[in-house]
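As the structure is a computational prediction, the values presented were derived from the model and not from experiment. Sequence lines set the chain letters: A, B, ... in the order given, protein chains first and strands last, and positions in each chain run from 1.
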Amino acid sequence: MGISALRTEHLSKRYGRLLALNDLTLDVPAGEVFGFLGPNGAGKSTTIRLLLGLARPTSGRAWVFDTDAADVAAAHRRLAYVPADVALWPRMTGAEVLDLLARIGPGTDTAYRDELVQRFALDVSKAAGTYSTGNRQKVALIAAFATRAPLLVLDEPTSGLDPLMELQFRQAVGVARDNGQTVFLSSHQLAEVEAVCDRVGILRAGELVEVASVAQLRRLHHTEVAATFTGTPPDLTGVHGVHGLHADGAATVRFTLNGSPAAALRALADADVATIIVREQSLEEIFLAYYGQNAR
Amino acid sequence: MIATMAAAARPEHVLRGLAVRQVRRGALVVTAVCAGMSALVVAGYHSEALDPAALAALASNPAIRTLFGEPVALDHAGGFTVWRTGTVLAVLLGVWAMLAASRTTRGEEDAGRWGLLLSGRITLAEAVRQHLGVLAVVPVLVGAATAAAMIAAGVDATGSLLHGTGLAAVGLFFVAVGGVTAQLFVSRSAANGAAAAVLVVGLLTRMVGDGAPALAWLRWLSPFGLLALTRPFDSNRGLPVSLLAVAAVLLLALAGRLAARRDVGAAILATPGSRPARTALLGSVPAFAVRRTVRPLVAWSAGIGAYFLLLGLIARSMTEFLTGNPEFAAMAAQAGFPALGTVEGYAATLYALLAVPAGVFVAVRLAAVAADENARRLTLLLAAPVTRLRLLAAEAAVAGCAALFLITVAGIAMWAGTATVHAGLSAGDALAGAWNVVPVMLLCLGAAALALGWTPRAVAAIGALPAAGGFMWQVTADSIGAPSWIRALSPFAHLAAVPATAPAGVAASVMAGIAAAGVVAGTVGYRRRDLSA
């Protein structure tokens, strides 16, 4: 395994009686785009605040490229951050904020920054006090993407963006990936996570319940199959991996498939299949399945 | 279900409840201070035999009038109390009222907390009116409590009630001023700045009106002038206080009207849409701290500079008067102003006052850091390679240096005033006198840093305590002849009368040491704690 961009060991955070984060052990290799999923209050922002040294862990440790996350001066030379709720000094213009963040930050590619300003269509001559939520978010996104820091930590960065800007965001993540940057993306936008992330971690009630690639996640879960037949549908009862079998009219059967499809395909091949639709569950469905019960 | 419907039917009750919760603690403190201090000074008054000719001389001396207001009925415990505490309490109440007005209206709106509130049936104008309405009750309570406390302490009711009414009217006026500026300006800091300008100009107008007989009419234009013109325990005039109350009510109505004419989150005075970037002082954390301090520092310097220039201009008249009328020198000493007879003594006494604004200034600057943290504006800075230690060190150092600048401005301003009237204060003595308050300012810095580390919500209050609280403590202790160990609790008791005497090196070192301990303990707390928001 290569270098870790971000690593935590038994990281926990307690706020009074609430255990906001419980024993998180996570390793995000350099160069990966990692999606961090979880419902509100699951502990995503708490994790990020601990990684950034904005809050102190109750126990456990975190590293940014093998620098202790508590050593902010060194760790933050290698990361850029976009908070979920961007607050700016109201009397400073967007350009002034970008200038400030570039000059105190980990180093900025100003040409790329100017390009991003164009792409995100941000009027940087306006005072930040006049910006909408989306425009404030754009300022932080532009500042972060323009740093070319090896690790980008993005906390729900697109919640205020319109679909066009969301597209620009995905492109910027793509550019970051091509540059070898690691992206740690906390998000609710499952379509976005599905589109840009290599792996996802799912957090529930302060605990990490799953870490897998998006493809693996789907494989772990069932596939929906609907087949129509020219003749009589075969009897699939008892075939390995087939569940939830039901007939949909005389010529159609629907079922869900878990694990290897080989047995089911053999059974289907013996009949006269007219059409077959195989659909993997979307991340959203997987996600909802996780949080359907005991969700917080 | 019934309860839910009943609550939903009365949104203004909910609003008022919200407003009360935001101001009740401060209201209690201000009420207790105003009533308590007035009663203590009444109780501690010792009647001195003053002959009428001397009283007349006192009342007509322009310097005395400029500094303390027109002395009225000083041979009476009530009159002395009004003269001694009236302006201090009126300023305290006024400052609290205007800050509370902008905090509960523009501050909440600025923080985005009104978005949800105003999505219901409540309009912006209604929300502003209800909040100011609740706040308007506080000065009335303060006035009533002060009058009741004075009556209970044994002075007659008419004067006490008039004084209480006057205080209430001043408080109401500044609730209204804060309410109006909160509508005019888009940010809370700008609204506070404008309201503070009204207060300082009002104070200076009163001083000039009292000091120069030809400009006596100016007092009718100042809330503090109108307060003085009521002359409690003397001629008991109702007209000035009525005028002030009417002005306050009109301004309150104006605030409601202005609120109805603007959008949520916007202001009557529009900010320019676009402007070129000003990239000076953005290169580092200390530079950025300087950038955010320059504007308030200029405003504070203008106000404090004007005040001390005026004090310099009256120096000669004051010292000559007190040299000629020694009985008043003794009386001034009882009121906490000893040795006013020489220009050095005069300068020393008045430079000690400088500790209050300088201390409040550093407290307010560090409170701005806490506010930036609470509003999540610091998050982007602290996500950069910037340690909290570096941020706090930069902010504290810049605040301290800015306060030093402010103190120096005051020193030079008073020296310029004295030089204009040839009062004979040397520039070196003037600066030495001004810099003598640096330890008290440092105490405030230490207290504010300590609060930032451990109780970030109370930075302004705790930071201002050594200066503002210490000053009030000393005034009260002096007025009631408290034992020396009680006096000694105030840092002002440990300030030498520089330039009349040599600086108290040991006391200054002890204060600086306590301040350093506060900064260290605050830094430890600031590095360890979780950042809010």
Smallest separation among heavy atoms of B:Thr379 and A:Tyr81, with atom names: CG2-CE2, 3.6 Å
Closest-packed option against chain B by number of heavy-atom pairs under 4.5 Å, given A:Val97, A:Asp99, A:Asp123: A:Asp99
Contacting region of A:Asp71 [heavy-atom separation from chain B under 4.5 Å]: neither
Using side-chain heavy atoms (C-beta onward) and a distance below 4.5 Å, is B:Pro385 in contact with A:Val72? no
Using non-hydrogen atoms and a 4.5 Å limit, figure out which bit of A:Arg91 sits close to chain B: side chain, backbone, both or neither. both
Crowding at CZ, A:Arg170 (>12 non-hydrogen neighbours, <6.0 Å): yes
Can you tell me which portion of A:Leu88 sits under 4.5 Å from chain B's heavy atoms? Options are side chain, backbone, both or neither. both
Part of A:Ala127 within contact of chain B (heavy atom distance under 4.5 Å): backbone
Distance-only, no hydrogens or angles: does the B:Arg388 side chain make a donor-acceptor pair with backbone N or O of A:Leu54 under 3.5 Å? yes
Polar side-chain atom of B:Arg278 near backbone of A:Thr93 as donor-acceptor pair, under 3.5 Å: no
Less than 4.0 angstrom from a charged side-chain N to a carboxylate O is my criterion; do A:Arg56 and B:Asp530 meet it? no
Taking the side chain from A:His76 and the backbone from B:Leu382, do they hold a donor-acceptor pair closer than 3.5 Å? yes
So for A:Val86, is it side chain, backbone, both, or neither that comes closer than 4.5 Å to the heavy atoms of chain B? side chain
So how far is it from B:Leu381 CG to A:Leu101 CG, rounded to the nearest 0.5 Å? 7.0 Å
Taking atom CZ of B:Arg21 as the centre, report whether more than 12 heavy atoms of other residues, nucleotides or ligands fall under 6.0 Å from it. no
Are there more than 12 heavy atoms of other residues, nucleotides or ligands under 6.0 Å from atom CZ of B:Phe405? no
Cut-off 4.5 Å, heavy atoms of chain A, and the answer for B:Asp110 is neither
Among residues 279-298 of chain B, residues within the sub-4.5 Å heavy-atom range of chain A, in order of number, are B:Thr279, B:Leu282, B:Gly283, B:Ser284, B:Val285, B:Phe288, B:Arg291, B:Arg292, B:Arg295
Counting only heavy atoms not in B:Arg528 (residues, nucleotides, ligands), do more than 12 fall under 6.0 Å from its CZ? no
Residue A:Arg119 excluded, over 12 heavy atoms near CZ under 6.0 Å: yes
Largest heavy-atom contact set with chain A, pairs under 4.5 Å, which of B:Pro276, B:Ala277, B:Ser187: B:Ala277
With a 4.5 angstrom heavy-atom cut-off, is it the side chain or the backbone of B:Val186 that approaches chain A, or both, or neither? neither
